[in-house]
Amino acid sequence: MTSPVIGTPWKKLNAPVSEEALEGVDKYWRVANYLSIGQIYLRSNPLMKEPFTREDVKHRLVGHWGTTPGLNFLIGHINRFIADHGQNTVIIMGPGHGGPAGTSQSYLDGTYTETFPKITKDEAGLQKFFRQFSYPGGIPSHFAPETPGSIHEGGELGYTLSHAYGAVMDNPSLLAVAVVGDGESETGPLATSWQSNKLVNPRTDGIVLPILHLNGYKIANPTILSRISDEELHEFFHGMGYEPYEFVAGFDDEDHMSIHRRFAELWETIWDEICDIKATAQTDNVHRPFYPMLIFRTPKGWTCPKYIDGKKTEGSWRAHQVPISLGADTDRHLAELEEWLRSYKPEELFNADGTPVEPVAAFPPAGKRRMGANPHTNGGLLLRDLRTPDFRDYAVEVKAPGAVEAQDMYVLGTYVRDVMKLNMDARNFRIFAPDETASNRLQAVFEVTGRRFLDEQIDGIDDHLDPDGRVMASMLSEHFCEGFLEGYLLTGRHGFFDSYEAFIRIVDSMFSQHAKWLKMCNELPWRQNIASLNYIL
């Protein structure tokens, strides 16, 4: 099954973002936050139209609020950006517990109801939407395969950037916004992945915009990057090859419309820089630019009660999971929860029948521009068969025992070389290896392509380096290779990962996570099949 790839303009807006659009963002943010809290807490009374009682609240509260409001803010602005620019965009959500934001987004852009017709966009459907969250027989609390628009579950501890960079490889029309949790940023796979920008060719690939979601806390500890100085933080990312921009909001009483206005202006500045990078790449010799990235600093649990039980909650680790529990002091906590839910003014966001009001319903982009409907997030829609030669043509003729000396991997290399050659025009096949292509005797492939490398090359020393090379073997990281390959496959392409048997164990957990993803996709008829993940050991 195929679906046309969405083209992209990579065009600047050249005008301030309209006040009408910013008001749409604010309403979207409010309703997405309300939907997210509803998923964590509510089992009935989804519009708060009736007197609020203990029976309206789930008896077992499971979920995570802390990262969710920041994600909802970002998604609202990304939706505005897509609608204004027509840009082909996907979002990769790294923070591990942002599932309520992802499902809320899909519900609001209509893709959730299209995929699951029983979850209607009215009061009855909203109640079902809330009840199913993190409930047996329902849906997970992560940005899981069950959610339209997801290729990355979140909570995978470090794969966000490698998945995003794999997604934009050979996808020159695609912008991948990769939101990295500041706890996630401390993991080994993510620390390696900051280097992935060294391997992007802005002429033939898309662009990744990393956003460090710096809300200050993990489960119970401050995050390392939130406590270093701004100067050290900026120097770190500049040293990684990025041009860092910082946005700070939510730590004072600044009006929300003012915050939206500042953010939209900064976003357009970043976007103008991306457009300049793409334009330069089309006319100049390919060189590696300093790509923009965004440090997004907001309080953890933004917009929840500032204090609960006399302890700081918004802006602390206490907002990480369920900020208000209904324990010994149920009546007081129930009143606090009601006040929190009503603070988003649901009566202004929903009609009497539970449908979103027109400014909210009309806010997301249309058709395949919607984040939940972009075909790159259901990669089987874009998958094309790999052209392969007849493997029998590569057989080594053995006329007598011991009469021929040959190496199986070298012979395989000639086959892989011809697979690469047959699919060169389609640009849908890559090899991934942590500097082991030649040592694994696959060097015949270098007759038709090289190792992807965009920086300085030294004549007489460097071997088969190519800014448009299709062998991703220039970085010594199994995590990088696995994540890049997964992102490439999840968006509808083909490839394999060759390594040594002892070293492949480094990515055991990444493989297990991918296998779990495929298991769930096999249970969802709307998820189209992607190409297999292959190892050569």
Side-chain angles (χ1 to χ4, degrees), residues 3-10 71-72 74-95 98-99 101-106 108-112 115 142-154 156 159-180 193 196-197 200 205-211 213 267 270-271 274 278 291-294 364-383 483-493 517 521 526-528 530:
S3 175
V5 178
I6 303 174
T8 177
W10 297 102
L71 288 168
N72 284 332
L74 290 170
I75 292 170
H77 278 271
I78 294 166
N79 270 316
R80 189 284 307 168
F81 158 76
I82 297 171
D84 278 355
H85 290 267
Q87 180 61 39
N88 181 20
T89 306
V90 296
I91 185 168
I92 315 285
M93 187 188 296
T103 47
S104 295
Q105 144 59 30
S106 180
L108 289 169
D109 77 11
T111 53
Y112 207 92
T115 308
H142 289 179
F143 195 31
E146 291 92 330
T147 307
S150 174
I151 65 166
H152 175 95
E153 188 156 3
E156 295 172 299
Y159 318 155
T160 308
L161 282 180
S162 58
H163 280 172
Y165 280 105
V168 302
M169 284 284 141
D170 299 315
N171 259 335
S173 77
L174 187 64
L175 173 70
V177 180
V179 185
V180 177
S193 297
S196 302
N197 58 3
V200 173
D205 303 324
I207 299 288
V208 173
L209 174 59
I211 299 179
H213 190 9
W267 185 276
I270 293 171
W271 175 245
I274 289 173
K278 289 295 287 188
Y291 292 95
M293 62 86 60
L294 175 61
K368 289 187 171 64
R369 299 285 181 192
R370 295 174 296 169
M371 280 190 251
N374 191 303
H376 291 93
T377 63
N378 191 359
L381 292 170
L382 304 176
L383 187 65
F484 245 63
L485 174 58
E486 287 178 5
Y488 199 64
L489 299 176
L490 286 162
T491 46
R493 279 76 64 75
W517 179 276
C521 287
W526 57 275
R527 283 280 183 186
Q528 302 299 310
I530 62 171

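- Among the candidates I270, V179, T89, the single residue satisfying the side-chain contact (heavy atoms from CB on, under 4.5 Å) test with L209 is I270.
- Shown are N374, D109, T115; of these, the side-chain contact (heavy atoms from CB on, under 4.5 Å) with P148 is made only by T115.
- Residues R493 and D170 have side chains in contact (heavy-atom distance under 4.5 Å, counting atoms from C-beta outward).
- Between the CZ atom in F143 and the CD atom in Q105 there is a gap of 7.5 Å [rounded to 0.5 Å].
- Not counting sequence neighbours, Y165 has no partner by the ring-ring contact (aromatic ring centres under 6.0 Å, His included) test.
- Nearest heavy atoms, Q87 versus I82: O-CG2, 3.6 Å.
- For the residue pair P210 and P292, the shortest heavy atom distance occurs at CD-O, 3.7 Å.
- With hydrogens and angles disregarded, a donor-acceptor distance shorter than 3.5 Å links the side chain of K278 to the backbone of P172.
- For the atom pair CG (L382) and CD1 (I530), the distance works out to 11.5 Å, reported to the nearest 0.5 Å.
- Proximity of Y159 to I92: side-chain heavy atoms (C-beta onward) are nowhere separated by under 4.5 Å.
- Here M293 contributes atom CE and N197 contributes atom CG; the two are 10.5 Å apart, rounded to the nearest 0.5 Å.
- Put simply, CH2 on W517 and CD on E153 are 6.5 Å apart, with the number rounded to the nearest 0.5 Å.
- In terms of heavy-atom proximity, E146 sits nearest to W526 at O-CZ2, 3.6 Å.
- At least one donor-acceptor pair under 3.5 Å links the side chain of S106 to the backbone N or O of Y112.
- Of all heavy-atom pairs between L71 and M93, the closest is CD1-SD, 3.7 Å.
- Ring centroid separation for the pair W271 and H85 comes in under the 6.0 Å cut-off.
- Residues V200 and G206 come closest through the heavy atom pair CG1-O, 3.7 Å.
- Rounded to the nearest 0.5 angstrom, S162 OG and H152 NE2 are separated by 8.0 Å.
- Side-chain N or O atoms of T160 include none that pairs as donor or acceptor with a backbone N or O of A178 at under 3.5 Å.
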Taking it one step at a time, do I78 and W267 satisfy side chain to side chain contact (heavy atoms under 4.5 Å, CB included)?
CA-CA 9 Å; I78 294 166; W267 185 276; 3.8 Å; yes
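- For the residue pair T147 and T103, no side-chain donor N or O sits within less than 3.5 Å of a side-chain acceptor on the partner.
- Annotation for I151 and T377: closest pair CG2-CA, 3.4 Å, computed over non-hydrogen atoms.
- Note that CG of L175 is 10.0 Å distant from CD1 of I91, once rounded to the nearest 0.5 Å.
- With contacts defined as side-chain heavy-atom distances shorter than 4.5 Å, the pair V208/Y291 does not qualify.
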Does I75 form a side chain to side chain contact (heavy atoms under 4.5 Å, CB included) with M371? I'd like the steps, not just the answer.
CA-CA 9 Å; I75 292 170; M371 280 190 251; 3.6 Å; yes
